[in-house]
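Chain A is the first sequence line, chain B the second, and so forth, proteins listed ahead of strands; every chain is numbered from 1.
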Protein chains: 2
Amino acid sequence: MKLITRNTDYAMRALCYIAQQTKDSVPVTEMVKDLAIPRPFLRKILQTLSGEGMLDSYRGQGGGFSLSLSPSKIFITDLIKIFQNAIQLNECIFKKKMCPNRKTCLMKREMDSIEKDVLLRLSRISIASLISNGNGKRSNRERKEGRYGEA
Amino acid sequence: MKLITRNTDYAMRALCYIAQQTKDSVPVTEMVKDLAIPRPFLRKILQTLSGEGMLDSYRGQGGGFSLSLSPSKIFITDLIKIFQNAIQLNECIFKKKMCPNRKTCLMKREMDSIEKDVLLRLSRISIASLISNGNGKRSNRERKEGRYGEA
DNA sequence: ACAAATGATACTATGATAGTATCATTAAAA
DNA sequence: TTTTAATGATACTATCATAGTATCATTTGT
Ligand code: FES
Ligand code: FES
């Protein structure tokens, strides 16, 4: 019963890391040093993020990755969508088969409600909200713009 | 991202089913007919429940299973504990390794909080609460009318 | 030219989930 | 007492998601 898988989690942290750098772009080599994530795995994750438009990438020497979006506009739910399968807490096994009445099925109703709650709460966690407090310094960009986490 | 796996779900439904029977004990054969769960799988699940003290079992012809506890004292969290691994929504991957400060780690704090919420809500769902309304086996009338629920 | 980076893509490993399959034992009923 | 219908115990298999690895190609700054 895991809500967050490693690639999602790693992605979060990598994005936090990048957000906190002042450089124009951050290479994997550097992240690996600080984040202790297996290099090929992190590379794959970053490539995916790049493909999904969350990161801009720069090839060649001196290249690396930078955020495409403001840290306050990147939410953990975005990453879940990218890296994890269905956000679906229970599968409603007896679809058409036998549940007497899906509209009144308490099991389904409760699960749906819990799921809604979870997603709502997750959808409030942004990169900005994570780096704005305790998890490290704020970026220059944030400091300049006076942004404090939160959407 | 699944909160409830099949064995937990099947267990819930089987328990609901048993709770609704008037007989002293319900055999697997009968449950399989109505619940459309693969027989050997359901058998395994019920054996586990029996071993865990959720069901009493009666061997031999005319045997079967009956609830050991009142339906209002069987909660979905009990079943999750029995059938699923750790209830742990995120794994806190960077344990002692690198998280600047575990006490202030926002990621961890948020996840812990969400997890607590989910468990609280799940801990309120009992067999009794599920059978009190529309759920569980189809009534004789429904069976006669050939109604197969569905939304 | 070389070194340092990403892009693309295919492959492998592990573990959890979701089952199946058998044989042994018990107990009611014929 | 034999048959039959049930559970007990236990081992096996299949599938899928997660969690990675491994290579080669391409780009780009020095
Ligand atoms: S089982 Fe899916 S709606 Fe009741
Ligand atoms: S990463 Fe586990 S506490 Fe911050």
- If you take atom types as modelled and just measure distance, does the side chain of A/Arg43 reach the base of D/dG20 with a donor-acceptor pair under 3.5 Å? no
- Item | 5' precedence on DNA chain D between A/Gln61 and A/Pro40 (nearest-nucleotide basis) | A/Pro40
- Message: Taking B/Ile80 as the starting point, is it possible to reach B/Ile127 by hopping between hydrophobic residues whose side chains are less than 4.5 Å apart?
- Response: yes
- Task: For the side chain of A/Phe41, starting at C-beta, report the closest nucleotide among C/dA8, D/dA19, D/dG8.
- Result: D/dA19
- Note on the structure: By nearest-nucleotide position on DNA chain C, the 5'-leaning member of B/Gly62 and A/Leu46 is A/Leu46
- Output yes when at least one side-chain N/O atom of B/Thr29 is less than 4.0 Å from OP1 or OP2 of D/dA5, else no. no
- Nucleotide D/dC16, atom C1' - distance to NZ of B/Lys2 in whole Å: 9 Å
- Task: Starting from P on D/dA6, measure out to CZ on B/Phe65 and report it in whole angstrom.
- Result: 11 Å
- Message: Would you say A/Ser57 places a side-chain N or O within less than 4.0 Å of OP1 or OP2 belonging to C/dG7?
- Response: yes
- Query: To the nearest Å, how far apart are A/Asn7 CG and D/dT21 P?
  - Reply: 13 Å
- Task: Using a heavy-atom cut-off of under 4.0 Å over every strand shown, decide if B/Gly64 touches base, sugar-phosphate, or nothing.
- Result: sugar-phosphate
- Can you tell me how far C1' of D/dA22 sits from CD of A/Gln47, to the nearest Å? 13 Å
- Query: Between A/Lys44 and A/Arg59, who's closer to the 5' end of DNA chain C by nearest nucleotide?
  - Reply: A/Arg59
- Message: Using a 4.0 Å heavy-atom cut-off, does A/Ser25 contact any base of the nucleic acid, only the sugar-phosphate backbone, or nothing at all?
- Response: nothing
- Between D/dA19 and A/Tyr10, is there an OP1 or OP2 to side-chain N/O distance shorter than 4.0 Å? no
- Query: So, the side chain of B/Ser68 versus the backbone of B/Asp56: is there a donor-acceptor pair under 3.5 Å, distance only?
  - Reply: yes
- Query: Are the side chains of B/Thr48 and B/Asn7 in touch, meaning some heavy atoms are under 4.5 Å apart?
  - Reply: no
- Message: Please report the distance, rounded to the nearest Å, between CD1 in B/Ile80 and P in C/dT17.
- Response: 11 Å
- Query: Under 4.0 Å between a side-chain N or O of A/Arg6 and OP1 or OP2 of D/dG20?
  - Reply: yes
- Message: Could you tell me how far apart B/Lys23 (NZ) and C/dA28 (P) are, to the nearest whole angstrom?
- Response: 16 Å
- Message: Strictly below 4.0 Å: does B/Thr5 bring a side-chain N or O up to OP1 or OP2 of C/dA16?
- Response: no
- Note on the structure: The reported gap from CG in A/Leu15 to CG in A/Leu49 (rounded to nearest 0.5 angstrom) is 5.5 Å
- Between A/Tyr58 and C/dA4, is there a side-chain N or O to OP1/OP2 distance below 4.0 Å? no
- Check whether any side-chain N or O of A/Asp78 sits under 3.5 Å from a backbone N or O of A/Phe75 as a donor-acceptor pair, and report yes or no. yes
- Nearest-Å distance, CG (A/Leu49) to P (C/dA8)? 14 Å
